[in-house]
Number of protein chains: 2
Amino acid sequence: MFNKEITIKDVAKHANVSVATVSRVMNGRDRVSDATRKKILKIIDELNFVPNTMAASMVNKKTKMLSVVVPEIQNPFYTAVIGGMVEVAKKEGFFTLVVATNGDEAEEDEFFDSFLGKNVDGMILIGTHKDAEFYRNIRKPTILVDRYINDCGHDGVLIDNFRGAYEATRHFVEYGHERIAIIDGEHDFNDGKDRYWGYHQAMHEGGLTPDPNYHKQGNWLEEDGYRFTMELMRSEQPPTAIFAANNVICTGAIKAIRDLNLRIGEDISLIGFDDNELAQFVQPRVTVVSRPTREMGLQAAEMLIQKIKGEPSEQTKLKKVILDVELMKYGSVKRLNK
Amino acid sequence: MFNKEITIKDVAKHANVSVATVSRVMNGRDRVSDATRKKILKIIDELNFVPNTMAASMVNKKTKMLSVVVPEIQNPFYTAVIGGMVEVAKKEGFFTLVVATNGDEAEEDEFFDSFLGKNVDGMILIGTHKDAEFYRNIRKPTILVDRYINDCGHDGVLIDNFRGAYEATRHFVEYGHERIAIIDGEHDFNDGKDRYWGYHQAMHEGGLTPDPNYHKQGNWLEEDGYRFTMELMRSEQPPTAIFAANNVICTGAIKAIRDLNLRIGEDISLIGFDDNELAQFVQPRVTVVSRPTREMGLQAAEMLIQKIKGEPSEQTKLKKVILDVELMKYGSVKRLNK
DNA sequence: TTGAAAGCGGTACCAC
DNA sequence: GTGGTACCGCTTTCAA
């Protein structure tokens, strides 16, 4: 198990050729006579020679490795993005490694400082850092997904968060709701922030004034969804509708509603942002703002690989791709008017 | 963004010292005079020099990277194992990268052939390959988790699958069930196989003969759980109890039961292997065989790191650590007797 | 304490 | 076609 590794030199020696020639048959680009090629191939097989990828990478500065950095891998949204990305990367001969940062800036830093962070050919980043500075310091092909920081210096693949929240809220309004609550989190990133303002605008357009008491800001966690739904429903004047601004908040809300023995779509209307398992499970199924998760990964990976392959001189302007969202009406919103 | 990288040579030149000295202050082991150290540190900072980790790794043959290879990352079981592993690894200064193989041997191969597969210092493997040969060919510190292949040449951290299934089935028997079905999948690996035989033995000990019609073998997927539960419950003589042999099968079973408008713990008793979100959500909560998922990752990582640090000569006998499981009774099993 | 130089294991250019 | 060899950027003796 720990016998010293066989190197290209050993192969060369056994085959009575130079290392250059061995290298040639390995990479297959330069032409080598059929005889020597066969001979070398045979030796390689006999010696069970496995080339040292690191040595090669030192020379050509490529690892054929991509990374996708996400806050967490429990969340189906991220796994879907990852799935899309991996599919494209594989097709292009890149291996993708997944890195979870747990939404911790320090952990994110750690990755960038690690062996890998330094040696991937490019990456897709759903970042945790909030400062553009951090992103500008990334000196390799990078695509930001979902969250975008202005002046970060990288392309992005995003969705129309504003419109998603707007449509959801408008749906409530059209169905006659007036006491519409929103549970979200810190507005650290564009995504969360835009959702709030989408809600805000739809409220105003519906002639409603967002009530601060109906705006519950937690930390984008399931427990926030649970706790705030409890709070809201037990208040003097509970809302008739709740907009859960991400998938796990929605999960929490569903659990709270269950524990309060309320009926979704009857005692309380609910819309979630992004689909989730529980939302699909409960009856009626929860209306959600659906986004093209896998598609985001696909798009991002394509842009990334193009960037990697492209000439350095091809420095075009920054590009932001905005994908559309769709309100999937499943019946968790009760019609109050007529 | 693409200006040529600064190397240790540049630093040496600017500081008027040799590269050896720069290397020394970077690694901090050899002693360097305080004056030169300060000088070099200053230059490093000014030049914004970042050492090339790959070059260093070429020399010392270490990357401080670990990998954890799992079939998929959607499954909470795997993410829990990963979580445990990452915790330990981080404490020891290793960075962990997650690789999902989608249960596809080819994809698993791909990883091992990739840059990274070759250059991690060690790995934790929840393998997809079924042949011991494959595992024996892995020439670096490796710990198998959950699934174990005999003669693979590596240590393992496992759980007592047999006992888990045995306890579950016995619980059914004790509560007076006789028509007890089991939904599992191929017996490709020890884990699944042991679960079946645990069920088998408990049946026999309870004086019951396992009925082939009640043994549904799919592919360990949620859809199998769904489909077979439907099938079972619509058959001439439906079982009174179902043992779902993994967490996603259990999820499928729960959905089927819901769609059949049956009540868990009333019309049909259910036990799952390994916890899952839906099992916790439904009421009554589903009784499950719980296993120390995170603990498995912790254990495995500790063993792995010790192996990496240890002397090559310390080749002790192979070690298999078996962790215990526990039947968590939550009320999804109806008492039929007395 | 510091420097020179020999690798680590490949790749690729330049001769022949 | 094939061989010689100068790197890639760092670490680590060995001497001074």
Side-chain angles (χ1 to χ4, degrees), chain A residues 2-41 43-44 47-65 113-116 118-119 121 139-140, chain B residues 2-41 43-44 47-65 113-116 118-119 121 139-140:
Chain A
F2 287 91
N3 37 0
K4 63 176 129 3
E5 296 297 327
I6 306 227
T7 75
I8 195 172
K9 279 183 192 163
D10 301 313
V11 177
K13 205 167 295 172
H14 283 250
N16 265 318
V17 295
S18 73
V19 294
T21 305
V22 178
S23 175
R24 282 189 188 102
V25 341
M26 279 167 35
N27 299 308
R29 26 180 150 281
D30 258 350
R31 53 187 79 271
V32 178
S33 85
D34 233 46
T36 46
R37 145 165 291 109
K38 283 216 181 81
K39 180 170 61 177
I40 291 173
L41 250 22
I43 303 281
I44 286 182
L47 263 44
N48 218 317
F49 166 62
V50 180
N52 180 326
T53 52
M54 193 130 55
S57 294
M58 267 214 58
V59 178
N60 57 32
K61 268 96 177 64
K62 279 177 198 146
T63 59
K64 281 292 188 178
M65 307 275 333
D113 292 340
S114 74
F115 179 83
L116 257 167
K118 297 206 150 67
N119 297 312
D121 290 347
R139 267 93 187 1
K140 55 178 81 205
Chain B
F2 288 90
N3 37 1
K4 64 175 129 1
E5 297 297 327
I6 305 223
T7 75
I8 196 173
K9 278 184 194 163
D10 300 313
V11 178
K13 205 167 296 171
H14 281 252
N16 264 317
V17 295
S18 70
V19 294
T21 306
V22 178
S23 176
R24 283 188 187 104
V25 340
M26 277 167 38
N27 299 306
R29 25 181 151 283
D30 259 349
R31 53 187 79 269
V32 179
S33 86
D34 232 46
T36 48
R37 144 166 291 109
K38 281 215 181 84
K39 181 170 58 179
I40 291 172
L41 251 21
I43 303 281
I44 286 181
L47 262 44
N48 219 318
F49 165 63
V50 181
N52 180 324
T53 52
M54 192 131 56
S57 294
M58 266 214 60
V59 178
N60 57 33
K61 268 95 177 65
K62 278 178 198 149
T63 59
K64 279 295 187 176
M65 307 276 332
D113 292 340
S114 74
F115 180 82
L116 255 168
K118 297 207 152 67
N119 297 312
D121 290 347
R139 268 92 186 2
K140 57 178 79 205

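All chains are named by letter (A, B, ...) in the order of the sequence lines, taking the proteins before the strands, and each is independently numbered beginning at 1.
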| request: Give A:Ser57 one of three labels, base, sugar-phosphate or nothing, depending on what nucleic acid heavy atoms sit under 4.0 Å from its own. | output: nothing
| message | By the salt bridge (Lys or Arg N to Asp or Glu O under 4.0 Å) test, which pairs, at least two apart or in different chains, include something from residues 25-36 of chain B? | response | B:Arg24-B:Asp30, B:Asp34-B:Lys38
| task | Could you pull out all residues at least two apart from B:Asp113 that satisfy salt bridge (Lys or Arg N to Asp or Glu O under 4.0 Å)? | result | none
| Counterpart residues, side-chain contact (heavy atoms from CB on, under 4.5 Å), relative to B:Lys13 (two or more places apart) | none
| Considering the terminal five base pairs at each end of the helix from C:dT1-D:dA16 to C:dC16-D:dG1, what angle separates the two local helix axes, rounded to 10°? | 40°
| request: Please step through side-chain contact (heavy atoms from CB on, under 4.5 Å) for the pair B:Arg37 and B:Thr21, ending with a clear verdict. | output: CA-CA 9 Å; B:Arg37 144 166 291 109; B:Thr21 306; over 6 Å; no
| Residues forming a side-chain hydrogen bond (donor to acceptor under 3.5 Å, both in side chains) with B:Ser114, sequence neighbours excluded | none
| message | Rounded to whole Å, please give me the gap between NZ in A:Lys62 and P in C:dA12. | response | 9 Å
| query | Are any of B:Ser33's side-chain N or O atoms less than 4.0 Å away from OP1 or OP2 of C:dT2? | reply | yes
| request: Just do the side-chain contact (heavy atoms from CB on, under 4.5 Å) check on B:Lys140 and B:Asp121 with the steps written out, would you? | output: CA-CA 7 Å; B:Lys140 57 178 79 205; B:Asp121 290 347; over 6 Å; no
Tell me which donor-acceptor pairs under 3.5 Å the side chains of residues 51-60 of chain B have, and how far apart each pair is, sequence neighbours excluded?
| residue | atom | partner | partner atom | Å |
| --- | --- | --- | --- | --- |
| B:Asn52 | OD1 | B:Met54 | N | 2.7 |
| B:Asn52 | OD1 | B:Ala55 | N | 3.0 |
| B:Thr53 | OG1 | A:Asn119 | ND2 | 3.0 |
| B:Ser57 | OG | B:Thr53 | O | 3.0 |
| B:Ser57 | OG | B:Lys62 | O | 2.8 |
| B:Asn60 | OD1 | B:Lys62 | N | 3.2 |

| said: Restricting to side-chain contact (heavy atoms from CB on, under 4.5 Å), what partner residues turn up for A:Val19, sequence neighbours left out? | reply: A:Ile8, A:Lys9, A:Ala12
| query | Please give, in whole Å, the distance from D:dG1 P to A:Lys39 NZ? | reply | 15 Å
| A:Lys118 NZ to D:dG9 P: how many Å, rounded? | 15 Å
| message | Using the rule given for side-chain contact (heavy atoms from CB on, under 4.5 Å), can you reason through A:Val22 versus A:Ser18, listing the C-alpha separation, both sets of side-chain angles and the distance that settles it, and then say yes or no? | response | CA-CA 7 Å; A:Val22 178; A:Ser18 73; over 6 Å; no
| said: Expected output is a numbered-order residue list: members of residues 10-18 of chain A with a heavy atom under 4.0 Å from any atom of DNA chain C. What is it? | reply: none
| request: Check the distance between D:dT2's P and A:Lys38's NZ and give it to me in whole angstrom. | output: 13 Å
| field | Non-neighbouring partners of A:Leu47 that pass side-chain contact (heavy atoms from CB on, under 4.5 Å), sequence neighbours left out | value | A:Ile6, A:Asp10, A:Val11, A:His14, A:Ile43
Just the table, please: protein N/O against nucleotides 9-11 of chain C N/O, every pair under 3.5 Å.
| residue | atom | partner | partner atom | Å |
| --- | --- | --- | --- | --- |
| C:dG9 | N2 | A:Ala55 | O | 3.4 |
| C:dG10 | OP1 | A:Asn52 | N | 3.1 |
| C:dG10 | OP2 | A:Ile8 | N | 2.7 |
| C:dG10 | O5' | A:Asn52 | N | 3.4 |
| C:dT11 | OP1 | A:Asn27 | OD1 | 3.4 |
| C:dT11 | OP1 | A:Asn27 | ND2 | 3.3 |
| C:dT11 | OP2 | A:Ser23 | OG | 2.6 |

| request: List for me each residue that meets side-chain contact (heavy atoms from CB on, under 4.5 Å) alongside A:Asn16, sequence neighbours excluded, and say none if there are none. | output: none
